[in-house]
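This report refers to the structure that appears directly beneath it.
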Number of protein chains: 2
Amino acid sequence: MPGAKRSRTTNSGPRWALASQAERFRSARAAHADETAEDYAEAIADLIAREGSARVTALAACLGVSHVTVIRALARLSRGGLVVVMPYKGVALTRAGRALAARAKHRHGVVLAFLRALGVPARVAETDAEGLEHHVSPATLRAMERFVKR
Amino acid sequence: MPGAKRSRTTNSGPRWALASQAERFRSARAAHADETAEDYAEAIADLIAREGSARVTALAACLGVSHVTVIRALARLSRGGLVVVMPYKGVALTRAGRALAARAKHRHGVVLAFLRALGVPARVAETDAEGLEHHVSPATLRAMERFVKR
DNA sequence: ACGCTATTGTAGCCAAGGCTACATGGAGGT
DNA sequence: ACCTCCATGTAGCCTTGGCTACAATAGCGT
């Protein structure tokens, strides 16, 4: 848990304006912590839907990392109760994992559709959506949905 | 019957579709690498404009991290030629650093204005902008500018 | 001039997320 | 049966980015 408590910085002068900025940076960093989980959950759900199972190698290819990275990430997700790893068999999502995957997939879809509606070329939209989706708050997501449906 | 016939070497199916997805993930990760630099450059430029100098402690308060984290980050940015650290005096931006700060500031402003124009509440917009700005490609940024000016 | 305090800097710990190199497991082909 | 090849797994290293605890400066006030 990063940023639990702050240091005793003096904060002289009219620094309060900056303090809330610090909060925003904190949020951004905290959000980053969940990105991996969302990406993996989504990729796993996708692979299961597409190929019937999610194997380590397929995940690695899909996410663009080495199989070692996948294995370690899965161990973490497993500790976190999002996935169940069946050695040499594949990976399954727990109930929580499926919920996370569904949320991520939905958000991804909305962001992508939104960018397209904005007039961003398909290729770029797909790349940007990958980076943006993890930082879109519920309020902004709703605004995007409104815009798309408009 | 999990992965009945698509398991072997073939594993075919739409793997090319996944390959490009891997590329997208790669881009997102690469972009993440520059986030720190942009955040610091922007914060430093801001502090210099506001207070006349950018000190380590002020930066730490501003970014919401400990002064130690700032010091280490500055060392890296210095190696990268973005800042010049004057021990016990403050930090200055190099030409490249100023350019980066300007770009970051501009993008930040556009994203924020865009979110506001979309109808996102100010508070949320400010938080989201912090997370989103680093993942907005030039094409998407232009689309956002068009939308705001509309 | 001297010491106190806040700012800076150093040492060292932790987790995440990358990697390569090497070790095992499992299944198909001969 | 066995051999080989690919998928998995393990060991160990690197960087980034957090942190606390402690050491060293600088600059101010007395």
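A note on names: the letters A, B, ... follow the listed sequences, proteins ahead of strands, and every chain is numbered from 1.
- A:I71 places its CD1 atom 14 Å from the P atom of C:dG18, with the value rounded to the nearest Å.
- B:Y88 places its OH atom 6 Å from the P atom of D:dA26, with the value rounded to the nearest Å.
- Taking the side chain as every heavy atom from C-beta outward, A:F114 and A:V136 never approach each other to under 4.5 Å.
- Note on A:R76: every side-chain N or O is 4.0 Å or more away from OP1 and OP2 of C:dA15.
- Look at CD on B:E35: it is 13 Å from P on C:dG17, rounded to the nearest Å.
- Nucleotide C:dA6 holds its C1' atom 18 Å from the NZ atom of B:K89, rounded to whole Å.
- The separation between A:E38 atom CD and C:dG17 atom P is 12 Å, rounded to whole Å.
- With salt bridges taken as basic N to acidic carboxylate O contacts below 4.0 Å, one links A:R26 and A:E23.
- Phosphate proximity of C:dA6 to B:T57: absent, as no side-chain N or O sits under 4.0 Å from OP1 or OP2.
- Residues in residues 82-100 of chain B take part in no salt bridge (Lys or Arg N to Asp or Glu O under 4.0 Å) pair, two or more places apart or across chains.
- We find that CG of B:L59 is positioned 13 Å from P of D:dG18, with the value rounded to whole Å.
- At least one side-chain nitrogen or oxygen of A:T36 sits closer than 4.0 Å to the OP1 or OP2 atom of C:dG17.
- Between A:M86 and B:H32, the residue anchored nearer the 5' end of DNA chain D, judged by the nucleotide with its closest heavy atom, is A:M86.
- Per the geometry, CG belonging to B:L63 stands 11 Å off P belonging to D:dC19, to the nearest Å.
- Contact check for A:L141 versus A:H106: side-chain heavy atoms found under the 4.5 Å cut-off.
- Ion pairing of B:R107 with B:E133 is absent here, as no side-chain N (NZ or NE/NH1/NH2) approaches a carboxylate O to less than 4.0 Å.
- Across all non-hydrogen atoms, the minimal contact from A:Y40 to A:V70 is OH-CA, 3.6 Å.
- When rounded to the nearest whole Å, the span between CZ of B:F25 and P of C:dG18 equals 11 Å.
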Measure all distances between protein nitrogen or oxygen atoms and nitrogen or oxygen atoms of nucleotides 19-23 of chain C, and list the pairs falling under 3.5 Å.
| residue | atom | partner | partner atom | Å |
| --- | --- | --- | --- | --- |
| C:dC19 | OP2 | A:S66 | N | 2.8 |
| C:dC19 | OP2 | A:S66 | OG | 3.1 |
| C:dC19 | OP2 | A:T69 | OG1 | 3.0 |

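- Side chains of A:H134 and A:D34 form no contact here, defined as non-hydrogen atoms less than 4.5 Å apart.
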